[in-house]
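In what follows, every chain begins at residue 1, and chains take the letters A, B, ... in the order their sequences are listed.
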Amino acid sequence: MEIEISRRRFLQGSVALSVIAASESVSFAEKNDTKSNIISSYGISKTSKDGFSVPTLCEICVNKCALLARVENGVVTKLDPNPYFPKSKNMLCPRGNAGIQALYDPDRLKFPLIRDGQRGSGKFKRVTWDEAYTYINEKMVKILDEEKDNRSTFLFCAGEGMAEETFKTFYQVFGSSNWLNHASLCLQTVTSAYGLTLGAYPQADFENATYVIMAGANRAEAIVTPDTMDLFKRTEGRGAKLVYVDPIFTNTAAKADQWLAIKPGTDLAFVLALTYVVLSEKLYNESYVTENFNDFEAYQEHILSHHYTPQWAEKITGISAATIEQVAREFMQHAPQSIYYPGRRSTFARSDFQLRRAMAIFQALGGGIDIKGGLVFGKGLGLSAHEEVTPIYANSKARAIKKKEQVTKGQAGYEDCAIVSGGGSWIGWRNRFLEGKMPYKVRGMFVYKHNPVLNMPNTAKTIEMLQKMDLVVTIDTMPSDTVMYADVVLPECTYLERTDPVKTFGGVEPSIAQRNKVIEPMFESKPVLEIMRGLSAKISKPLFEVAQKYDEDIASSIEDSSYDEVYAEFDLTKPFTSSQEALNEHAVAKYPDAVKSLKEKGVYYPEMQTFFKQLSANTYQHYPEKAKAYTVNAQKPKTSSKKVECNLANLADKGVDAMPTWKDDFEFIVPEGKFRLITGRHAQFTQSGTGNNAMLRELISENYIWINQGVATKKGISFGDKIEVSSTTGKTVLKAYPTEKIGPNMVFFIHGFGSESKGLSLAYRRGGNDNAVIEDKIEPVYGASVMHETNVTLRKV
Amino acid sequence: MAKYAMVLDYKNCINCKACEVACKEENGVLLGEHYHRIWVGVNPIKGVYPDLSIASNAFYPSQCQHCENAPCQDVCPTQATHYDENGVVQVDESKCILCSYCMVACPYDARYVDERSMTIDKCSFCSDTRLARGLTSTACQATCPTKVRVFGDISDPTSEISMILKTREYFTLKASLGTEPKLFYLK
Amino acid sequence: MLNAILPHKEINLKSLFSFEKTPFNLIMTAVTILLLTFFFTGFIQYVIHGHHAYGVTKEHPWGLLIAMYIFFVVSSTGLCIISSLGHVFHIKSFEFIGKRAIFGAIITIVSGFCVIGLEIGHPIRMVIYNTISPGFTSAIWGMGALYSVYLFLIIMEFIFLSRNEHKWSKFFGLGGLLIGVAAHSNLGAVFGFLVGRPLANGVFYPVYFILSAMITGCYLLFLMYGYKYKMQFNDEMKTFLMHLGRLLGLLIAILIFFEFWRFLTAIYGRVPQRSDTALHILHSGNFWFGEVLLGMLIPFGIILYSKAKAIKATIYASLGGMIGIFFMRYDLVHDTLLYPMQTMKLKEYQLAPSWVEYVPTVTEWSIALGSLGICLALYYIGENFFFLDPDKEDDYFKHYVADEA
Ligand SMILES: Nc1nc2c(c(=O)[nH]1)N[C@H]1C(S)=C(S)[C@@H](COP(=O)(O)OP(=O)(O)OC[C@H]3O[C@@H](n4cnc5c(=O)[nH]c(N)nc54)[C@H](O)[C@@H]3O)O[C@H]1N2
Ligand SMILES: Nc1nc2c(c(=O)[nH]1)N[C@H]1C(S)=C(S)[C@@H](COP(=O)(O)OP(=O)(O)OC[C@H]3O[C@@H](n4cnc5c(=O)[nH]c(N)nc54)[C@H](O)[C@@H]3O)O[C@H]1N2
Ligand code: SF4
Ligand code: SF4
Ligand code: SF4
Ligand code: SF4
Ligand code: SF4
Ligand SMILES: [Mo]
């Protein structure tokens with residue numbers, strides 16, 4: 001019989017563990033046999049009568065839904081939705097509910113660790129925080145000394161998170177210029193394209209729209225709030241007609257009125273043809289266009305003269321011309337209460353940037369901008385900024401990008417791409433690092449809440465990059481695949497154990513929300529703010545010494561004033577001295593009652609007291625209809641010209657089409673016998689972050705590869721057969737799922753599985769890792785990753 | 001004395017399974033795919049790519065029906081399965097002898113064996129957790145992103161659930177068996 | 001002391017282990033010990049792993065042990081019915097075997113209780129709450145209560161038979177018969193009351209149970225006579241067994257008739273779950289080889305072909321018949337659960353639920369087969385401790401005693 005250990009026992013266990021001698025070594029290398037029974041040790045018990053709730057915010061994915069964490073005898077027993085937050089509208093998704101299992105995951109990083117074997121061997125020894133900081137300090141001093149205080153010799157990279165800013169502050173005061181984040185793996189092209197075209201990345205008012213085209217976004221499974229909730233409440237005359245465009249039949253397709261099985265990567269042709277119909281039939285909103293478009297004629301001429309007809313698009317997209325005409329006409333009939341949904345992840349094809357521009361312009365043709373039922377900008381509630389000290393280091397080099405040697409006008413200026421953004425091109429950067437094409441040596445990296453090994457195409461190359469670094473420091477909660485390659489592992493506590501920077505959420509119903517600490521950090525884990533405080537205290541002086549050595553200005557300044565005065569400018573500890581609570585109080589000081597409301601309700605917005613009401617068992621009013629910020633910019637786009645930018649001449653200078661144009665080489669060829677690989681989300685999984693979550697693991701224990709039923713039958717593949725998927729990049733093995741939900745020349749599997757970290761007893765080698773096979777192609781404008789342009793072969797094993 | 005029931009606006013269900021996780025955490029349902037008080041069913045899709053029938057892929061969230069004429073209660077030899085004062089079909093752990101007769105008798109597959117107590121467990125309308133704390137919602141209802149469920153007292157004609165049942169068409173599952181389920185699916 | 005209540009032979013270890021060392025007896029001893037070992041290991045497995053040791057699942061909560069239990073109680077009821085033909089209804093040729101048959105009825109139901117005790121999750125709790133919190137609408141409760149009374153009555157019957165007090169034995173015999181039939185049809189109702197299980201629901205099972213119990217009784221009687229007389233029968237005995245054979249033939253014919261219409265009505269009109277299940281059963285080997293061929297056709301063929309005169313063949317066929325009866329019990333449980341109550345996929349990555357499968361574990365097999373060892377051992381003990389044959393002094397049986405070889 002399996003032995004049941006309650007959460008409480010797990011906690012007691014933790015206390016016992018924490019007094020174990022400091023020299024204990026931790027090995028993730030050998031498979032721990034007792035862990036195969038792990039399921040039984042996850043405490044699952046009924047909630048009881050005694051307890052209280054702490055309002056806080058979820059961090060299992062980007063959405064930051066508000067929740068009420070129930071605490072009973074010091075143990076978090078239940079996470080409930082917090083109705084006060086207009087963004088998450090009184091819901092918690094399956095992952096949000098399962099957050100408890102992240103908190104009490106026995107595999108959590110509990111103590112600081114230092115590598116105790118080959119990189120990647122998974123062998124670490126347990127150390128004290130001070131030992132970890134000392135180790136980092138020594139390495140940093142050595143490297144910076146050797147690199148003559150070029151601070152950019154350290155790369156800082158982070159995944160999305162509420163405390164990302166804290167880590168970014170460390171990067172800024174440290175003085176590096178190499179910052180990379182998830183953007184180029186995620187939403188870079190969509191936010192930029194909408195930004196350049198409409199002046200901002202808008203939100204969709206699904207509550208009031210009557211017609212929605214959703215393409216390349218699977219809102220029933222890739223949950224985004226409040227979009228998912230608003231879009232799928234579709235009974236009682238609510239909700240819009242939903243046209244869903246996706247090469248595979250997802251759960252969103254199951255909820256759609258019409259599903260268009262598009263050929264992957266051809267959405268641009270689809271939107272251009274929609275635009276063609278609207279322009280040639282003059283279905284657009286003439287007055288809106290006349291008033292709010294720049295270069296409309298040029299765009300019209302561009303579309304019509306290129307003959308982007310529905311017949312032309314039918315051949316490329318596989319969607320019939322008649323359907324394209326129907327959708328274009330219906331969209332405009334419903335405009336401005338119609339939405340072409342912008343989507344979020346836009347790392348699909350090389351045409352991504354232009355696609356999103358075409359979508360934005362198409363939306364604007366109907367006038368559905370900054371208007372109820374259309375795409376909206378909404379209002380924001382500003383927070384007071386904190387003072388920042390950003391010392392300037394004379395020897396710190398500019399970002400490690402590479403300009404092309406000879407650039408003629410009209411060509412991309414950089415090796416990776418045409419435009420360099422704040423988030424940078426992760427893949428471009430990594431590949432140049434490996435190819436030795438960096439302008440200077442980069443020798444160390446800090447990774448915060450990010451798992452590039454699993455989340456970046458071409459896993460082998462990411463591992464190679466980590467192997468080549470002289471120092472890798474990871475700050476994580478779990479022994480992720482990336483953590484396995486670290487020299488120093490700093491355990492952050494989970495989101496339920498810390499207060500994070502207060503955040504403002506703009507929109508139709510703007511609010512401010514705060515993550516409040518629910519229980520004290522377990523083991524020796526700490527919030528990143530305290531980690532940065534400890535680390536900076538250790539390294540601040542020694543690094544200043546290095547700076548002093550190579551920066552003549554510093555030496556002379558000291559002579560002019562005093563050591564202490566100059567050091568004060570370079571004191572890295574300053575931004576981290578205050579507590580998070582104090583910082584948050586300062587940030588919202590201008591709103592009366594905000595501090596109290598954030599503490600007691602987790603949420604604040606002016607007039608919440610009078611506005612907030614429960615309307616029925618499930619529905620709440622946050623703002624009365626009159627007070628909702630549908631229109632904030634007189635229905636105009638937010639660009640500096642206040643016009644929709646059809647024609648971006650300055651982009652043309654950089655080698656980017658000024659207007660969305662279909663290129664023949666956008667058409668991707670799938671050779672006979674091969675399959676185009678597509679990846680995506682699942683409602684019970686977050687990228688690589690929930691792989692070890694016992695609750696979610698049980699709902700979806702591994703990913704399967706979708707293979708068209710007919711193809712599978714022909715190849716003799718049946719459900720559950722093991723399939724080896726390979727490409728020029730590598731291979732991975734997972735089980736087969738023959739289904740009619742996917743077309744014959746493509747395969748699909750959910751991203752985030754196939755972990756190789758032995759520290760993750762549940763995630764280890766479960767399912768397949770898509771990024772082991774996805775080729776590291778990049779999109780030409782921002783250097784964002786192109787994840788759906790890999791051909792793979794299948795082999796039954 | 002209430003008479004608790006639930007309506008499901010099931011057409012809004014997106015098969016996210018938040019309800020299942022919420023139920024497990026609230027009611028201490030064991031991990032493991034066979035242990036569940038609540039589930040979402042779906043039939044294999046009909047058609048050939050790309051001509052698929054969207055309607056064939058509907059999602060059916062379900063749980064114990066709290067039958068008014070419950071076969072599980074009829075067959076229980078020790079009255080472990082009983083109706084509580086609110087008409088909720090409950091299992092008294094201390095009386096259950098694990099004869100499994102109720103599992104065989106339930107037409108909805110709503111019951112499973114809890115491996116800790118080795119007795120039968122199933123949806124309790126959160127009676128001993130949330131209702132016992134004075135809440136009037138169930139965990140599955142509260143968490144649902146698309147608000148599929150409304151829980152309430154059908155003996156009170158003014159309750160939200162009674163109003164819904166008065167104004168909207170609904171059906172019950174396996175109605176021909178005469179079990180009189182108290183889970184109402186809105187058409 | 002005990003002798004005053006129940007006449008018995010000397011009860012001590014020596015008498016327990018003294019038996020004629022014939023090859024057959026030695027084989028039977030070895031088989032019994034082997035089976036008892038099975039039971040014991042199964043029991044240990046159950047103690048260590050509880051229900052985890054069984055192959056029963058959420059979809060198939062009942063399995064081999066329930067089937068084995070039913071097999072035993074069917075045998076018990078069958079023996080009780082057939083034996084009562086003798087000393088309750090005074091059909092002469094059935095009287096001689098009466099005491100032995102009643103003893104058989106006792107030990108089979110006790111073996112059945114041993115099995116069900118390991119199937120019920122909480123047997124002690126069962127005794128308590130079946131008494132203080134009875135579920136009167138539950139067929140299981142009814143069956144449990146009736147079988148307890150039944151066991152009491154047939155033990156009393158056995159005691160009075162042993163004491164040659166035939167007025168009382170007849171009284172308890174009649175009581176045992178009535179309660180046994182009631183209990184047994186209740187067992188049928190355990191299945192017949194399942195509204196959600198289309199093939200089980202209805203009147204068929206309660207009636208079918210009584211019918212198959214009588215067939216089982218006949219098979220067992222053939223086996224007992226064959227064993228007792230070492231296959232050598234005098235004329236009178238032959239006539240009796242011929243009559244028994246004819247009765248058996250008639251019962252089987254009725255059963256075949258029953259089954260035929262059961263399937264035809266189930267399939268006719270194609271009522272979704274019911275006809276699907278019936279058709280599925282018609283595709284199973286268990287049904288054709290186990291139930292139909294061994295359980296019905298072979299014995300029926302022999303009886304029909306020889307006009308019930310081929311007694312030895314019938315005895316051998318009865319052995320097959322008992323195996324067939326076992327298949328009937330096993331299939332009864334399995335067929336009831338065959339059609340899944342959950343027909344939808346609950347996870348993306350699974351195949352849609354189809355026919356519910358069940359594979360008994362080694363533990364279940366050990367207990368099920370091992371329980372036959374209990375039965376054999378009890379029989380042996382009974383043979384050594386009690387007087388299973390009619391008392392030579394008893395006038396009542398005089399005409400048989402004279403014939404004994
Ligand atoms: N449950 C859950 N929710 C999440 C996340 C999570 O991990 N889990 N992650 C969050 C994050 S970080 C993000 S960025 C978002 C991502 O949200 P989405 O971008 O909506 O999600 P994806 O599943 O990555 O991709 C959406 C769909 O695009 C389809 N697709 C692929 N190629 C094409 C194409 O060429 N054309 C069209 N029209 N469709 C195509 C895929 O089949 C897939 O169904 O989700 C957020 N929400
Ligand atoms: N093939 C393929 N690749 C993809 C995608 C895809 O669809 N297909 N999706 C892309 C997208 S949209 C995105 S946004 C990226 C996401 O990629 P990442 O930003 O790497 O996000 P996660 O996979 O969620 O990994 C987060 C890491 O943070 C850790 N973590 C979780 N909580 C905390 C915490 O509180 N503190 C700290 N310090 N660490 C924590 C987790 O253990 C995990 O190691 O992946 C991209 N990569
Ligand atoms: S969508 Fe789910 S996982 Fe993401 S923040 Fe909200 S509750 Fe958490
Ligand atoms: S939580 Fe709601 S939408 Fe999600 S599966 Fe359950 S009923 Fe369906
Ligand atoms: S659904 Fe099943 S378990 Fe629930 S009351 Fe009805 S018969 Fe009983
Ligand atoms: S298993 Fe328990 S609840 Fe079910 S019928 Fe038997 S005693 Fe009653
Ligand atoms: S009502 Fe409560 S016990 Fe029943 S399924 Fe919902 S959450 Fe679970
Ligand atoms: Mo993302």
Measure distances from [X] to the heavy atoms of chain B and classify the residue's part below 4.5 Å as side chain, backbone, both or neither.
| X | answer |
| --- | --- |
| Ile140(C) | both |
| Leu337(C) | side chain |
| Arg197(C) | side chain |

Any side-chain heavy atom of [X] within less than 4.5 Å of one from [Y]?
| X | Y | result |
| --- | --- | --- |
| Trp62(C) | Met103(B) | no |
| Tyr129(C) | Asp92(B) | no |
| Thr78(B) | Arg125(C) | no |
| Met341(C) | Tyr108(B) | no |

Contact summary for [X] and [Y], nearest pair of heavy atoms:
| X | Y | result |
| --- | --- | --- |
| Pro134(C) | Gln79(B) | O-NE2, 2.6 Å |
| Pro44(B) | Ala352(C) | CG-CB, 3.6 Å |
| Val104(B) | Leu194(C) | CG1-CD1, 3.5 Å |
| Phe193(C) | Tyr101(B) | CB-OH, 4.3 Å |
| Cys96(B) | His122(C) | O-CD2, 3.4 Å |
| Val75(B) | Ser138(C) | O-OG, 2.5 Å |

Return yes when atom [atom1] of [X] has more than 12 non-hydrogen atoms of other residues, nucleotides or ligands closer than 6.0 Å, and no otherwise.
| X | atom1 | answer |
| --- | --- | --- |
| Glu93(B) | CD | no |
| Glu357(C) | CD | no |
| Lys147(B) | NZ | yes |
| Lys46(B) | NZ | no |
| Ile124(C) | CD1 | no |
| Phe43(C) | CZ | no |
| Arg270(C) | CZ | no |

Checklist entry - Among Asn201(C), Thr343(C), Val190(C), who wins on heavy-atom pairs under 4.5 Å with chain B? => result Val190(C)
Item to check | chain B interface, residue from Glu119(C), Lys347(C), Glu348(C) that has the most non-hydrogen pairs under 4.5 Å | outcome: Lys347(C)
For the [atom1] atom of [X] and the [atom2] atom of [Y], what is their distance to the nearest 0.5 Å?
| X | Y | atom1 | atom2 | answer |
| --- | --- | --- | --- | --- |
| Asn130(C) | Ile97(B) | CG | CD1 | 5.5 Å |
| Glu59(C) | Tyr112(B) | CD | OH | 14.0 Å |
| Leu346(C) | His34(B) | CG | NE2 | 10.0 Å |
| Trp39(B) | Gln342(C) | CH2 | CD | 6.5 Å |

Side chain, backbone, both or neither: which part of [X] has a non-hydrogen atom closer than 4.5 Å to chain C?
| X | value |
| --- | --- |
| Val40(B) | backbone |
| Lys174(B) | side chain |
| Cys99(B) | both |
| Glu33(B) | side chain |

Item to check | Derivation and outcome, side chain to side chain contact (heavy atoms under 4.5 Å, CB included), residues Val113(B) and His51(C) | outcome: CA-CA 10 Å; Val113(B) 178; His51(C) 257 226; 6.0 Å; no
Of the listed residues ([options]), which shares the most heavy-atom pairs with chain C below a 4.5 Å separation?
| options | result |
| --- | --- |
| Ala80(B), Ser94(B), Ser62(B) | Ser94(B) |
| Arg111(B), Glu20(B), His82(B) | Arg111(B) |
| Thr119(B), Asn15(B), Asn43(B) | Asn43(B) |

